[in-house]
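Let me begin by presenting the structure, written as C-alpha cells, before commenting on it.
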Amino acid sequence: MGNAQASAPSSASSPRFSMASRAFSKQELDDLRALFVSLAAQSQTGGRAISRAVFLEYFGIRGALGDRLFQLVATESGGGEGVTFQDLIVSKATYERGTRDEVDEFIYQLCDVTGDGVVERSDLETILASIRETIFAENKEAGEGSNKMTFEAFINSAVFTNDAEGAPRKSMSLSDFRSWCILIPSLRKFLGSLLMPPDSGRPGFQVPLLHYPENVTPDLLLLNNEYAWHIGGGFSQQEVQEWKLLYHSSLHGQSFNTFLGNVTNGDAQTVIIVKDTEGFVFGGYASHPWERHSDFYGDMKTSLFKLYPEASIFRPTGANRNLQWCAVNFSSDSIPNGIGFGGQPHHFGFFLSANFDQGHSFTCTTFTSPSLSKTNRFRPEVIECWGIQTKGALDEKAELVKGTVLERFKEDRNMLKLVGLANASD
C-alpha cells in the first residue's frame with residue numbers, strides 16, 4: 001500500500017512513466033515495486049524515495065560512477081529526496097529495454113561523470129577507477145595481483161574526435177564511444193548491467209579465477225586479473241570462471257613440443273599470450289583444440305587481442321574462415337609449421353613459428369585487426385597459455401585416477417596425432 005501511495009501520483013502525472021511501465025510484465029512491475037518499497041523503507045524518506053546512500057549500497061557501484069548513475073536515474077523527479085518509483089521504472093525501461101540508440105545514449109551520458117556534456121579522457125579515467133574499485137578492490141580473489149596501471153591500456157585504445165566548443169582538447173563522441181565498447185566488450189557489459197540486481201551474476205562483473213602453481217608469483221605472469229576481465233568480455237558467463245595455466249616459457253622452456261604436450265592434456269579452449277622483445281603484449285583465443293591440420297580450422301568464437309600498450313579485442317568479421325592454424329612436421333613451404341590465427345599462410349594475423357623463436361602479425365581482414373606487435377615481425381620474450389575450464393572442472397579432474405596405462409596411452413596418442421604419426425603407430 002505504501003508503494004501505491006508513492007507511485008500513484010507519478011503514474012497519473014507522467015506520460016513517460018505510463019509508457020515506460022509497458023516495457024515490463026505485471027510480475028516484473030510487482031517485483032520492482034517490492035524492491036522500491038524495501039529500499040525506500042531504509043531511506044528515511046517516508047517511503048517516497050530511495051536515498052543516495054541506500055541506492056549506492058544496494059547496487060554496489062563505487063566511486064564517481066555510482067554517483068553519476070544515481071544522478072541519471074533520479075532525473076525524472078529531479079532527485080530532491082532521491083530515486084522515486086517513477087524514476088526507477090523510467091530509467092530501467094530506457095536503460096534495459098530501450099532501443100540500441102537509447103541504451104547507448106544513456107551509457108554515454110553515464111560516462112560524462114562531471115555532467116558537463118563532454119566526455120574527456122579524465123572522465124574515462126574516473127570510470128575505470130570506479131570499475132577497479134567495484135570489481136577488483138573489494139573482491140579478495142580478483143584483487144590479488146590487481147594492477148591499476150593496466151587500465152591505462154584500456155584508455156589508450158580510445159579515440160577522441162569531437163571538437164567541443166571552448167574545450168582545449170578533443171573529446172569522445174557517441175560514435176567514438178561505441179567504437180571503444182567494441183574493442184573493450186567487458187566495459188560495455190559492465191556499464192550495461194549496473195541496474196540489474198547485484199545477486200544476479202551481472203554481466204561484466206565476473207573475473208576469471210586464475211589457477212597456477214604455488215611456486216609461481218603473479219609478477220611472473222603476463223595475464224593479470226584486469227587483462228583476464230578484458231579478454232573474458234568476449235566469452236559466455238560459464239567460460240569466465242576458471243582458467244588454468246597450461247604453459248609458460250619461463251617455467252617449461254621455450255619449446256613448441258612442450259607447449260603441444262601441455263595443451264593437449266588441457267582444455268579445448270585456450271588463451272595464448274605473447275610478450276615480444278619490444279614490450280608489446282598480445283595474443284589470441286582458440287576455441288578449438290590445438291591439433292595438426294594442413295589448413296585453417298576453428299569457428300567464429302576465435303578472436304585476437306591486444307593487451308599492452310593498448311587493449312583491444314578483435315572478433316571474426318565473416319570475411320573468411322581462416323580462423324585457427326596448427327601445422328606440425330609438414331615439409332611443404334606452403335604449410336608453415338607453427339600456430340596462428342587469421343590472414344593467410346606466411347601472412348597471418350598472429351603467428352608463432354614451430355621453433356617459438358619468432359613470429360609475425362599483419363593487418364588481417366579475418367578479424368579487421370591491425371598488426372598486434374610494434375613491427376610486423378617480432379621475437380617472443382615470453383609465451384603463456386591458459387586453458388579455460390568451466391566451474392568445478394578442476395575438482396572433477398582432481399578426482400580422476402591418474403597414471404593408468406589406458407590414460408598414458410590416450411595422452412601418447414594425442415601427442416602422436418599432433419605430430420602426424422598416430423596412423424603409423426596403429
Side-chain angles (χ1 to χ4, degrees), residues 207-213 216 221-225 227-275 281-293 296-307 313-316 322-328 337-342 348-354 356 359 361 366-367 369 372 380 382-391 393-394 396-397 410-411 414-415 417-419:
V207 180
L209 182 60
L210 305 181
H211 294 274
Y212 47 87
V216 174
L221 302 173
L222 297 177
L223 185 67
N224 60 29
N225 291 301
Y227 285 153
W229 174 77
H230 166 55
I231 298 169
F235 301 163
S236 69
Q237 253 178 280
Q238 189 179 32
E239 292 164 331
V240 188
Q241 292 193 350
E242 299 188 11
W243 298 4
K244 180 184 178 182
L245 182 65
L246 301 179
Y247 170 83
H248 193 289
S249 55
S250 295
L251 299 174
H252 305 107
Q254 204 145 312
S255 165
F256 189 46
N257 287 337
T258 302
F259 166 83
L260 292 175
N262 286 8
V263 299
T264 47
N265 294 329
D267 293 87
Q269 303 174 69
T270 52
V271 171
I272 296 179
I273 308 173
V274 169
K275 178 181 179 182
V281 183
F282 48 89
Y285 161 65
S287 56
H288 282 222
W290 291 105
E291 298 174 342
R292 186 178 189 264
H293 288 262
F296 285 97
Y297 65 106
D299 60 31
M300 299 297 282
K301 290 176 64 178
T302 307
S303 61
L304 292 178
F305 55 80
K306 297 168 75 174
L307 298 180
I313 289 179
F314 306 98
R315 295 173 172 176
N322 300 351
L323 298 161
Q324 189 174 337
W325 178 276
C326 182
V328 186
N337 290 314
I339 56 174
F341 300 82
F348 292 89
F350 168 41
F351 179 77
L352 281 172
S353 71
F356 265 21
S361 176
T366 308
F367 302 99
S369 55
L372 305 180
V382 180
I383 303 172
E384 195 170 280
C385 183
W386 296 78
I388 297 177
Q389 302 178 314
T390 55
K391 194 169 181 60
L394 289 172
E396 293 175 8
K397 287 186 177 183
K410 289 179 179 178
E411 291 178 359
N414 281 338
M415 193 60 192
K417 184 178 180 181
L418 268 170
V419 298

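All values reported here derive from a predicted model rather than from experimental measurement.
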Arg292 side chain to Val328 backbone, donor-acceptor under 3.5 Å: yes
Pair Tyr297-Trp325, side chain to side chain contact (heavy atoms under 4.5 Å, CB included): steps then yes or no: CA-CA 6 Å; Tyr297 65 106; Trp325 178 276; 5.8 Å; no
Reported OG1-to-CG distance for the pair Thr258 and Leu251, which is rounded to 0.5 angstrom: 11.5 Å
Gap separating the OG1 atom of Thr366 from the CG atom of Leu304, nearest 0.5 angstrom: 8.5 Å
His288 and Gln324: side chain donor to acceptor below 3.5 Å: no
4.5 Å side-chain heavy-atom contact, Val281 and Val274: no
Residues that Lys301 engages under side-chain hydrogen bond (donor to acceptor under 3.5 Å, both in side chains), provided they are two or more places apart: Glu239
Donor-acceptor pair, side chain of Gln389 and main chain of Glu242, under 3.5 angstrom: no
Test item: Phe348 and Asn322 side chains (from C-beta on) under 4.5 Å apart, heavy atoms: no
Derivation of the side chain to side chain contact (heavy atoms under 4.5 Å, CB included) call for Phe305 and Ile273: CA-CA 9 Å; Phe305 55 80; Ile273 308 173; 4.0 Å; yes
Minimal non-hydrogen separation, Phe259 against Cys385, with atom names: CE1-CB, 3.7 Å
Ile313 side chain reached by Arg315 side chain, heavy atoms, under 4.5 Å: yes
Exam field: side chain Asn262 to backbone Leu246, donor-acceptor pair closer than 3.5 Å: yes
Non-hydrogen side-chain atoms of Lys275 and Pro380 separated by less than 4.5 Å: no
With sequence neighbours excluded, residues passing side-chain contact (heavy atoms from CB on, under 4.5 Å) with Ser353: Phe351, Asn355, Asp357, Gln358
Set of residues satisfying side-chain hydrogen bond (donor to acceptor under 3.5 Å, both in side chains) with respect to Ser287, sequence neighbours excluded: Asp299, Thr302
Any donor-acceptor pair under 3.5 Å from Tyr247 side chain to Leu260 backbone: no
Heavy-atom check, side chain of Met300 versus side chain of Leu323, under 4.5 Å: yes
Closest heavy-atom pair and its distance - Leu245, Trp386: N-CE3, 3.3 Å
Main-chain N/O of Phe235 paired with Tyr285 side-chain donor or acceptor, under 3.5 Å: no
Residue pair Leu372 / Phe314, side-chain heavy-atom distance below 4.5 Å: yes
Test item: Ser249 side-chain N/O and Ile383 main-chain N/O as donor-acceptor pair under 3.5 Å: yes
Audit row: Val382, His248, side chain to side chain contact (heavy atoms under 4.5 Å, CB included) steps and yes/no: CA-CA 7 Å; Val382 180; His248 193 289; 3.6 Å; yes
Candidate pair Val271 and Ile388, rule side chain to side chain contact (heavy atoms under 4.5 Å, CB included), full reasoning: CA-CA 8 Å; Val271 171; Ile388 297 177; 4.0 Å; yes
Partner residues of His230 under the side-chain hydrogen bond (donor to acceptor under 3.5 Å, both in side chains) criterion, sequence neighbours left out: none
Residue pair Leu221 / Val216, side-chain heavy-atom distance below 4.5 Å: yes
Side chain Ser361, main chain Gly349, donor-acceptor under 3.5 Å: yes
Mutual orientation of the aromatic rings belonging to Phe341 and Trp290 [parallel < 30°, tilted 30-60°, perpendicular > 60°]: perpendicular
Residues which pass ring pair (Phe, Tyr, Trp, His ring centres under 6.0 Å) with Phe282, listed by chain and number, not counting sequence neighbours: Phe350, Phe378
Non-neighbouring partners of Ala228 that pass side-chain contact (heavy atoms from CB on, under 4.5 Å), sequence neighbours left out: Pro208, Leu210, Leu223, Trp243
